[in-house]
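Input: a single structure, listed below in structure tokens.
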There are 2 protein chains.
Amino acid sequence: MALRTLDSDDASPDDLAARAAWLYYVGGLRQDQIADELGISRQRAQRLVARAVAEGLVKVRIDHPIAECLELERGLRQRFGLVRARVAPRADSGQDALRAIAPFAAAEMERIFAQETPQLIALGTGRTLRAMIDQMQTISAGQHRMVSLIGNVAPDGSASFYEVIMRIADKTGAPHYPMSVPVMARDAEEFATYRNLPHVVSSRALAKEADVTVVGIGQMADDAPLLVDGFITAEELASLRAAGAAGELGGHVFDAEGRYLDHPVNEFMVGVRVPQNQNPVICVAGGVSKIKALRAALKGRLIQGLITDELTAAEILSTS
Amino acid sequence: MALRTLDSDDASPDDLAARAAWLYYVGGLRQDQIADELGISRQRAQRLVARAVAEGLVKVRIDHPIAECLELERGLRQRFGLVRARVAPRADSGQDALRAIAPFAAAEMERIFAQETPQLIALGTGRTLRAMIDQMQTISAGQHRMVSLIGNVAPDGSASFYEVIMRIADKTGAPHYPMSVPVMARDAEEFATYRNLPHVVSSRALAKEADVTVVGIGQMADDAPLLVDGFITAEELASLRAAGAAGELGGHVFDAEGRYLDHPVNEFMVGVRVPQNQNPVICVAGGVSKIKALRAALKGRLIQGLITDELTAAEILSTS
DNA sequence: CCGCGTGATGGGCAAATGCTCACTCAAAGC
DNA sequence: GCTTTGAGTGAGCATTTGCCCATCACGCGG
């Protein structure tokens, strides 16, 4: 009755995709029924649904506290005095770990953003956080503020690909304070310049006050993000390892006990170290390659929350 | 690698179903791959996934503000001064409307429960709210309290089938105050007895203070829930209609202007009317049969929030 | 101890889905 | 004004999924 709005014309690009996906997943129609409903061909319906999935419009969650994961969560909380621990069901390779963890981390972020008391949220960068954001629902949460812990310019001058704060801002509409300078200075002079820029000073001050901090973690093996993304050279990595490096949070490298290293690389990081005060630092990370780094961060009480996958959690608990 | 925890034995009943569903939907594996992974047959994997879906372990949401729905939301807010309005994409029959609305309503409930400041939440009953709850994620939210607006005993003495408060309590772990008396008294004496029961007095007082109230709405046509569920007779319904009845909220019947009727049926309802103070009353309802009732409730400003479907919203806006 | 019923299992097949390919149409470029 | 290019379309076909059925195992009553 009335409402003949989409006879095939009008209707913006993936508006229709969302509608098709909705009919498919929520409405339970078959693709040919959707085709009928929307007056399009079966193939087009199929393509629309596929597109909605590809663009991440379709979010699937499994609502079942798988017993083993719960036990691991409890174990992590007890052993390392964490305030938050979430363990996603098993994932084998590093790639899978990311996909496994992302929805859990996204749910945690949504929980933070759903609070009505305004929060100041500090954010790191990296592949893991990017994957997390892709899984987040858009949620209007203008009462909160977000600040970046770390610069957003790569050594070659490009914007860091794994910058996350802008993307979360898109989803939430929250005001945000990126740290618009390079991640690392190349020498002491540059470092002083960056550190004295007014917006850097204020962002750094803000970041230290964050009510909650969400970061990834970097490993120090040959696939270290700092190396892969071109922030440090292979020589510097070797030197860090010789100095006992076990991992890094926001570019700040620490040893196996979770103590920050006294090393040139650490000196020139423009961003702040994760706060070590009352407010929680939540780390989102998983995969065998990150286990050493996680153990160190947990041991040194650098983080108060961990969102990881089943295998990583089991490994951390079994041997440390 | 390692972690051979579920070689086919252990693993509780639908624990495995959740795991299979997880691998399927989140992990993106095919059913035969899942079968390999878990060491079971392809059919079993298929059955596990189907089971997880059937049991509602799998929650799918489409995250895309379909433009038309947004416009309808804005229209509803402006026209009726609502504080919340959500419109789910089109749904034709009444049955579909329920399926369409439920996920949206569930998201709204989750938003309420995700708040950290303790809330007192008053709840109605009905098919629509039941469908909503089935779509809610389990979420630990012990800080809130819930109270029922309405009795939970059907005229035949059985527990009302569409009771919702217990079920939300299961999902949230929040303390709850059901109103454990019949919905309606049969005469003035019974009425006085029920109303004076201590737990009814306190529940009623609590309900009136609720920070937020969530209810369905009942129509007055021949398929009126009050009639179908046996609370009133066909004669009473006819009499109500003769008196101008347009709909009911929690059993309290009002006319087309949203004014409560002065009628015997209204006199013997043990529960409370939805609060008319600062705090919002959110109505979850959709389908053509409910349009008249919704218009009346909106006109009388009985509700301050509406969660409905596209067709219902369009219809309400186009003619009232 | 044996037969019978109930419920889980895997094989096989039909339905549904997703992919590739050849084609069209329209906008940009020559 | 014609050609090129690329995105979108529908047909046909391979893959995947879901369903039905015969079979099997287990438990219970005779």
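Below, chains carry the letters A, B, ... as their sequence lines are ordered, and counting in each starts from 1. Note that this is a predicted model, so its numbers are computed, not measured.
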Donor-acceptor contact present, side-chain A:Asp309 to main-chain A:Leu311, <3.5 Å: yes
Donor-acceptor contact present, side-chain B:Lys59 to main-chain B:Met136, <3.5 Å: yes
B:Gln135 side chain vs B:Ala102 backbone, donor-acceptor pair below 3.5 Å: no
Donor-acceptor contact present, side-chain A:Lys171 to main-chain A:Ile139, <3.5 Å: no
Proximity to the side chain of A:Gln43 - top-ranked nucleotide from C:dG18, C:dG10, D:dA11: D:dA11
Whether B:Ser318 side chain and B:Ala314 backbone form a donor-acceptor pair below 3.5 Å: yes
Nearest-neighbour nucleotide for the A:Arg47 side chain, D:dT9, C:dC19, C:dG10 considered: D:dT9
Side chain B:Arg42 and base D:dG18 donor-acceptor under 3.5 Å: yes
Length of the line joining B:Gln46:CD and C:dG12:P, which is rounded to integer Å: 17 Å
Short side-chain to backbone donor-acceptor contact, A:Gln31 and A:Gln33, under 3.5 Å: no
Under-4.0 Å side-chain N/O to phosphate OP1/OP2 contact, A:Ser41 with D:dG10: yes
Protein-nucleotide distance (B:Arg44, atom CZ; D:dC19, atom P), rounded to Å: 18 Å
For DNA chain D, the residues among residues 24-36 of chain A that have a non-hydrogen atom under 4.0 Å from it: none
Spacing of A:Leu48 atom CG relative to C:dT17 atom C1', expressed in whole Å: 15 Å
